[in-house]
Amino acid sequence: MRILIVEDDERLARGMDASMSASGFAVDVVATGEDALDVLASEIYNAVILDLGLPDIDGLEVLQSLRAGGNATPVLILTARDGVSDRIAGLDRGADDYLSKPFHPRELESRVRALIRRSQGTADPVLRVGELSLDRSTRVVELGRCTLDLRRREMAVLETLMGRPGKVVTKQCLNSEVFNFADAVAPNALEVYVGRLRRKLMPGGPTIRTIRGLGYMLEAG
């Protein structure tokens with residue numbers, strides 16, 4: 001899953017980037033409201049973590065502009081403003097959740113995962129396709145009674161495919177959810193991760209089919 005962090009505190013932004021990346025997210029970070037609106041106009045994200053105290057545009061204005069433009073990406077407001085009126089203002093302008101500073105990284109990660117699940121129409125943190133299961137909270141993948149050892153980007157590819165079982169997922173979509181815009185991505189990087197997943201899902205697991213010219217499809221074995 002790909003997320004955007006909008007935070008001007010460089011130290012805090014680095015910490016969130018590190019913890020969210022370690023939990024399997026592809027993370028992009030910007031420090032201003034203008035940059036956030038520019039990026040969100042061209043890139044697709046599963047969620048946005050938005051600080052209110054930005055140096056150029058107030059975070060609430062960024063949120064209002066985002067919603068006015070029809071962008072429904074889930075937004076978690078992150079701020080030191082903890083008054084009830086501030087929370088109400090954020091929620092009324094289209095925020096999906098609110099977390100006050102200081103916060104624990106694990107709570108932030110949990111809230112973001114919950115936002116993404118709700119936006120996808122499911123409250124269950126566990127994805128299942130045939131005998132394969134992926135717990136999005138614990139990042140544990142099991143095939144039958146065996147636990148699979150997956151690297152972070154292998155996990156990201158599998159999570160995206162498992163979220164759309166039996167449907168074609170384009171290469172563009174997979175690339176956008178697995179890699180952030182700072183990654184130096186080799187032309188065949190996606191194919192490499194898909195190949196590794198295929199080997200780890202054998203025997204007995206779902207099949208990753210290549211749909212020539214389009215992308216990939218995960219089918220129950």
Side-chain angles (χ1 to χ4, degrees), residues 1-4 20-28 39-48 69-74 109 112-221:
M1 299 292 108
R2 189 178 182 191
I3 64 171
L4 177 68
M20 300 297 283
S21 295
S23 294
F25 292 94
V27 182
D28 292 324
V39 170
L40 286 163
S42 59
E43 301 289 333
I44 297 175
Y45 293 92
N46 297 102
V48 177
N71 192 316
T73 304
E109 294 161 21
V112 170
R113 290 194 191 97
L115 282 183
I116 294 173
R117 289 199 302 271
R118 289 201 296 271
S119 72
Q120 295 174 342
T122 175
D124 190 346
V126 181
L127 295 173
R128 295 181 177 85
V129 178
E131 293 296 311
L132 181 69
S133 67
L134 188 160
D135 190 320
R136 290 175 286 184
S137 297
T138 62
R139 314 307 292 168
V140 173
V141 178
E142 294 181 326
L143 181 56
R145 297 184 179 181
C146 298
T147 300
L148 301 186
D149 182 17
L150 301 183
R151 296 183 179 181
R152 179 172 64 87
R153 284 181 177 155
E154 293 170 1
M155 179 84 72
V157 172
L158 183 61
E159 184 173 1
T160 303
L161 292 173
M162 289 185 72
R164 304 166 177 84
K167 298 179 180 179
V168 177
V169 182
T170 66
K171 290 184 178 180
Q172 181 181 5
C173 176
L174 278 167
N175 278 317
S176 70
E177 296 209 18
V178 173
F179 305 106
N180 61 39
F181 52 57
D183 287 332
V185 182
N188 66 334
L190 184 59
E191 287 78 6
V192 170
Y193 292 121
V194 170
R196 291 175 180 171
L197 278 173
R198 281 181 171 139
R199 290 190 293 272
K200 292 181 179 182
L201 293 177
M202 296 174 61
T207 301
I208 302 176
R209 287 183 54 202
T210 298
I211 309 301
R212 194 170 301 278
L214 293 175
Y216 301 97
M217 179 190 296
L218 186 69
E219 295 182 328

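None of these values were measured; they are calculated from a predicted model.
- N46 contributes atom CG, which lies 8.5 Å from atom CZ of F25 (distance to the nearest 0.5 angstrom).
- Among residues two or more places apart in sequence or in another chain, the salt bridge (charged side-chain N to carboxylate O under 4.0 Å, His left out) test is passed with R139 by E159.
- Atom CD of E109 and atom CZ of R136 lie 15.0 Å apart (nearest 0.5 Å).
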I'd like to know whether L127 forms a side-chain contact (heavy atoms from CB on, under 4.5 Å) with L132, so could you lay out the CA-CA distance, the side-chain angles of the two residues, the decisive distance to 0.1 Å, and finally the verdict. CA-CA 8 Å; L127 295 173; L132 181 69; over 6 Å; no

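- Atom-to-atom distance recorded for N71:CG and I44:CD1 is 9.5 Å, nearest 0.5 angstrom.
- Rounded to the nearest 0.5 angstrom, M202 CE and T207 OG1 are separated by 8.5 Å.
- In terms of heavy atoms, E177 sits closest to A26 at O-CB, 3.6 Å.
- For L214, the side-chain contact (heavy atoms from CB on, under 4.5 Å) criterion is met by V168, I211, not counting sequence neighbours.
- Partners of K171 according to the salt bridge (charged side-chain N to carboxylate O under 4.0 Å, His left out) rule, which considers only residues two or more places apart in sequence or in another chain, are E191.
- Looking at residues two or more places apart in sequence or on another chain, you find a side-chain contact (heavy atoms from CB on, under 4.5 Å) between V178 and R153, A156, V157.
- Environment of CD in E142: crowded, with over 12 heavy atoms of neighbouring residues, nucleotides or ligands closer than 6.0 Å.
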Extract all donor-acceptor atom pairs below 3.5 Å that involve side chains of residues 193-200 and protein atoms in other chains or at least two apart in sequence.
from	atom 1	to	atom 2	distance (Å)
R198	NE	I208	O	2.8
R198	NH2	I208	O	2.8
R198	NH2	T210	OG1	2.6
K200	NZ	D149	O	2.9
K200	NZ	E154	OE1	2.7

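- For the pair L148 and L201, the minimum side-chain heavy-atom distance is below 4.5 Å.
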side-chain contact (heavy atoms from CB on, under 4.5 Å) between L218 and K167, intermediate numbers included: CA-CA 7 Å; L218 186 69; K167 298 179 180 179; over 6 Å; no

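- S119 and I116 make their closest contact through OG-O, 2.7 Å (heavy atoms, listed as atom of the first residue, atom of the second, distance).
- Scanning all heavy atoms of the two residues, the minimum distance from G24 to R152 falls at CA-CG, 3.8 Å.
- Rounding to the nearest 0.5 angstrom, the gap separating the CG atom in L161 from the OH atom in Y216 is 9.5 Å.
- Side-chain contact check for V39 versus Y45: some heavy-atom pair is nearer than 4.5 Å.
- Across all non-hydrogen atoms, the minimal contact from S133 to V126 is CB-CG1, 4.1 Å.
- Rounded to the nearest 0.5 angstrom, L190 CG and N175 CG are separated by 5.0 Å.
- Residues satisfying the salt bridge (charged side-chain N to carboxylate O under 4.0 Å, His left out) criterion with E43, sequence neighbours excluded, are R2.
- When the options M1, M20, R117 are evaluated for a side chain to side chain contact (heavy atoms under 4.5 Å, CB included) with V112, the one that passes is M20.
- For the pair L143 and P203, the tightest heavy-atom approach, listed with the atom from each and the gap, is CD2-O, 4.0 Å.
- Enclosure of atom CZ in R164 by more than 12 non-hydrogen atoms of other residues, nucleotides or ligands within 6.0 angstrom is indicated.
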